[in-house]
Amino acid sequence: MVHPLGLDRTARRTRRTRTPVRLQRPPLHPRPAHQVPRGPHPRRGPAPRPQVTGLLRDAGRTTGVRVTGPDRERELPARLVVGADGKDSAVAKLAGIPERRYENGRFGYLAHFRDLPLPGGIGQAWFLEPDMAYSFPTDDGVTVLAVLPDKKHLPAFREDLEGSFHAFVRALPEAPPIDSARRVSKFIGTVDYPLITRDPTAPGIALVGDAALTGDPLWGVGCGWALQTAQWLAEAVAPAATGRGDLDRALAAYGRTHRRRLRPHQQLAVDYARSRPFNPGERLMFSAAARDAAAARHMYLFASRLIGPLGFLNPRSVARAAAVNLRHRLRGPAPADAPAAGRPAR
């Protein structure tokens with residue numbers, strides 16, 4: 001992790017059993033063989049997917065969906081409708097589930113590169129207050145670079161996308177060698193990506209993933225939260241789905257778990273999406289993580305969403321972070337030819 005306050009070299013020595021993994025999308029969902037058109041003139045591109053165009057209702061409860069395909073419309077009754085249809089969820093809109101939208105003060109672009117080695121073969125993150133950047137190794141020897149500047153830079157950035165992207169990366173402390181790398185993808189970007197919070201349940205409906213909670217791409221939680229919320233939902237409703245429990249109580253239990261485990265993280269993300277510098281608490285904890293192995297482990301647990309904000313900011317950890325930073329100040333700056341472990345070379 002790289003930050004203006006220091007380079008987290010200690011994090012390289014604090015790997016735990018849960019190692020983050022980043023995969024490109026094609027290996028995650030290759031096209032099933034039975035969907036590949038056969039014959040002398042195969043149809044190009046995937047077949048149109050059915051779209052949810054309505055909900056079946058009975059006494060204020062959702063009892064199924066109406067879907068429209070390329071050739072007909074069908075009604076599909078169901079005891080439970082699961083909306084796993086992304087941030088612009090049609091299921092949520094058709095059900096009238098309230099949502100709260102929050103502006104994102106940053107835009108972002110990423111691209112995939114070959115011949116781009118990373119120190120120690122692990123990912124890096126730059127917190128530039130308020131701009132951000134990431135580099136992550138992925139599968140098949142490919143590295144992804146992402147930049148997330150403040151929106152005030154967007155007009156100039158768009159004038160020369162490739163040049164602006166390269167210039168941004170070159171200016172990073174201990175920057176990856178982008179000029180010697182080979183780009184193997186187009187630039188993928190988003191210039192307006194609001195954060196969205198919805199109630200995860202309604203009578204006969206459950207929302208998972210981005211349909212329930214759309215986070216800031218800056219934190220890279222989308223796929224993880226999608227899988228996690230799907231697991232929570234399955235565990236909550238499995239007894240009711242097999243006739244051994246009450247579905248409404250199961251949905252209520254899922255909703256409580258969802259709100260308790262994810263809402264605090266979302267609230268912090270909403271605040272940081274205003275594209276602001278660190279507040280004093282963030283500066284205290286992040287700088288300590290760049291200077292101390294135990295603080296780095298604690299930061300890892302929080303960044304991996306293995307602990308919540310209250311666990312992250314518990315009194316003992318805050319006191320340790322204060323002590324780490326105080327010791328750092330008392331020792332003074334390192335000699336110019338031998339940068340300290342907590343400060344990147346310039």
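Everything quoted here is computed from the prediction, not taken from an experiment. Residues: numbered from 1 along the sequence shown.
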Asker: Where the side chain of Arg72 meets the backbone of Pro70, is there a donor-acceptor pair that is under 3.5 Å apart?
Answerer: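 Not a single qualifying donor-acceptor pair exists.
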Asker: Ignoring hydrogens and geometry beyond distance, is a side-chain donor-acceptor pair present between Asp58 and Thr63 at under 3.5 Å?
Answerer: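 There is no such pair (donor and acceptor under 3.5 Å, judged by atom type) between the side chains of Asp58 and Thr63.
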Asker: Counting neighbours of CZ on Arg260 that are heavy atoms of other residues, nucleotides or ligands and sit closer than 6.0 Å, is the number greater than 12?
Answerer: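 Counting other residues, nucleotides and ligands, CZ of Arg260 exceeds 12 neighbours.
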Asker: Rounded to the nearest 0.5 Å, how far does CZ of Arg261 lie from CZ of Arg305?
Answerer: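 It is 12.5 Å, given to the nearest 0.5 Å.
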Asker: Using side chain to side chain contact (heavy atoms under 4.5 Å, CB included) as the criterion, point out the one residue from Phe157, Tyr134, Phe187, Phe107 that pairs with Val147.
Answerer: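 Testing Val147 for a side chain to side chain contact (heavy atoms under 4.5 Å, CB included) against Phe157, Tyr134, Phe187, Phe107 leaves exactly one candidate, Phe157.
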Asker: If we only count heavy atoms from C-beta on, is the Leu195 to Thr214 side-chain gap below 4.5 Å?
Answerer: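 Side chain of Leu195 against side chain of Thr214, heavy atoms only: no contact under 4.5 Å found.
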Asker: Ignoring hydrogens, what is the shortest heavy-atom contact between Val67 and Pro50? Give both atom names and the distance.
Answerer: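 The pair with the smallest heavy-atom distance is CB-CB, 4.4 Å.
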Asker: I need the Arg183 CZ to His166 NE2 distance, nearest 0.5 Å.
Answerer: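 Answer for the CZ-NE2 pair, Arg183 versus His166, is 6.5 Å.
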Asker: Counting only N and O atoms by type, is there a donor-acceptor contact under 3.5 Å from the side chain of Gln51 to the main-chain atoms of Arg49?
Answerer: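 It does hold such a pair.
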Asker: Nearest 0.5 Å please: distance from the CZ atom of Arg61 over to the CG atom of Leu55.
Answerer: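 Spacing of CZ (Arg61) from CG (Leu55) equals 13.0 Å.
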Asker: Is any side-chain heavy atom of Leu251 closer than 4.5 Å to one of Leu80?
Answerer: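 Sidechains of Leu251 and Leu80: in contact.
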Asker: Without hydrogens or angle criteria, can the side chains of Asp85 and Ser89 be said to hold a donor-acceptor pair below 3.5 Å?
Answerer: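 On atom types as modelled, these side chains qualify, holding a pair under 3.5 Å.
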Asker: Side chains of Ser135 and Val144: does their closest heavy-atom pair fall under 4.5 Å?
Answerer: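 Heavy-atom side-chain distance check fails, nothing below 4.5 Å.
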Asker: For the residue pair Glu73 and Thr53, what are the closest heavy atoms and their distance?
Answerer: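 Of all heavy-atom pairs spanning Glu73 and Thr53, the closest is OE2-OG1, 3.9 Å.
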Asker: Is the backbone of Leu326 close enough, under 3.5 Å, to the side chain of Arg329 for a donor and an acceptor to pair up by distance?
Answerer: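 Such a contact is absent between Arg329 side chain and Leu326 backbone.
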Asker: For the residue pair Trp232 and Leu262, establish whether any side-chain heavy-atom pair is separated by less than 4.5 Å.
Answerer: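 Touching, per the 4.5 Å side-chain cut-off.
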Asker: Decide yes or no for Asp192 and Asn104: does some side-chain heavy atom of the first lie under 4.5 Å from some side-chain heavy atom of the second?
Answerer: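 Contact flag for Asp192/Asn104 side chains = no.
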Asker: Checking Leu306 against Tyr300 for the side chain to side chain contact (heavy atoms under 4.5 Å, CB included) test, could you report, in this order, the C-alpha distance in whole Å, the side-chain angles of both residues, the deciding distance, and whether it holds?
Answerer: CA-CA 8 Å; Leu306 299 175; Tyr300 161 79; 4.2 Å; yes
Asker: Kindly give the heavy-atom pair with the smallest separation between Gly86 and Arg198, and that separation in Å.
Answerer: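 Nearest heavy atoms, Gly86 then Arg198: O-NH1, 4.2 Å.
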Asker: Here's a test for you: under side chain to side chain contact (heavy atoms under 4.5 Å, CB included), which of Leu172, Asp150, Leu148 qualifies with Leu128?
Answerer: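 Passing option: Leu172.
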Asker: Can you confirm whether more than 12 heavy atoms, excluding those of Arg249, are under 6.0 Å from its CZ atom?
Answerer: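 No, because the 6.0 Å sphere around CZ of Arg249 holds 12 heavy atoms or fewer from other groups.
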Asker: To the nearest 0.5 Å, what is the distance between CD (Gln266) and CZ (Arg100)?
Answerer: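 Going from the CD atom of Gln266 to the CZ atom of Arg100 covers 9.5 Å.
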Asker: Taking side chain as C-beta onward, heavy atoms only, is Asp292 less than 4.5 Å from His328?
Answerer: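 Not touching, per the 4.5 Å side-chain cut-off.
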Asker: Kindly compute the distance separating CG (Asn314) from NE2 (His298), expressed to the nearest 0.5 Å.
Answerer: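 Between Asn314 CG and His298 NE2, I get 5.0 Å after rounding to 0.5 Å.
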Asker: Could you report the tightest heavy-atom contact between Leu116 and Pro176, atom names first, then the distance?
Answerer: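 Heavy-atom minimum between the residues: CD1-CB, 4.0 Å.
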Asker: Given side chains that start at C-beta, do those of Leu154 and Arg106 come closer than 4.5 Å, heavy atoms only?
Answerer: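 They are not in side-chain contact.
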Asker: Using a 3.5 Å distance criterion without hydrogens, assess whether the side chain of Ser164 forms a donor-acceptor pair with backbone atoms of Leu161.
Answerer: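 Absent.
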Asker: Is there a donor-acceptor pair closer than 3.5 Å between any side-chain N or O of Arg114 and the backbone N or O of Asp140?
Answerer: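 Here the side-chain-to-backbone pair exists.
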Asker: Return yes when atom CG of Leu310 has more than 12 non-hydrogen atoms of other residues, nucleotides or ligands closer than 6.0 Å, and no otherwise.
Answerer: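 Open: at most 12 neighbouring heavy atoms sit under 6.0 Å from CG of Leu310.
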Asker: Apply side chain to side chain contact (heavy atoms under 4.5 Å, CB included) to the pair His258 and Leu207, showing each step before the final yes or no.
Answerer: CA-CA 10 Å; His258 193 288; Leu207 303 179; over 6 Å; no
Asker: Decide whether a cation-pi geometry holds between Arg158 and Tyr109; the criteria are a distance under 6.0 Å from NZ or CZ to the six-membered ring centre and an angle within 45° of the ring axis.
Answerer: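 That pair does not qualify as a cation-pi contact.
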Asker: Between Thr242 and Pro239, is there a donor-acceptor pair closer than 3.5 Å when you use the side chain of the first and the backbone of the second?
Answerer: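 Yes, the answer is positive, given that a donor and an acceptor are paired below the 3.5 Å cut-off.
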Asker: Taking the side chain as everything from C-beta on, heavy atoms only, tell me whether Pro200 gets closer than 4.5 Å to Arg259.
Answerer: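 The answer is yes, as the side chains (C-beta and beyond) meet within the 4.5 Å cut-off.
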Asker: Test side chain to side chain contact (heavy atoms under 4.5 Å, CB included) on Tyr102 and Asp216 and set out the steps.
Answerer: CA-CA 10 Å; Tyr102 305 93; Asp216 190 339; over 6 Å; no
Asker: Under 30°, 30 to 60°, or over 60°: which ring-plane class applies to Phe127 and Phe286, parallel, tilted or perpendicular?
Answerer: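 The arrangement is perpendicular - the two ring planes meet at more than 60°.
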Asker: Check the pair Phe278 / Leu284 against side chain to side chain contact (heavy atoms under 4.5 Å, CB included), numbers first and verdict last.
Answerer: CA-CA 9 Å; Phe278 280 157; Leu284 172 73; over 6 Å; no
Asker: State the CZ-CG distance between Phe113 and Leu145, to the nearest 0.5 angstrom.
Answerer: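 Answer rounded to 0.5 Å: 5.0 Å.
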Asker: Testing Phe302, Phe312, Tyr272, Trp219 for ring-ring contact (aromatic ring centres under 6.0 Å, His included) with His265, which one passes?
Answerer: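 One option only clears the test, and that one is Phe302.
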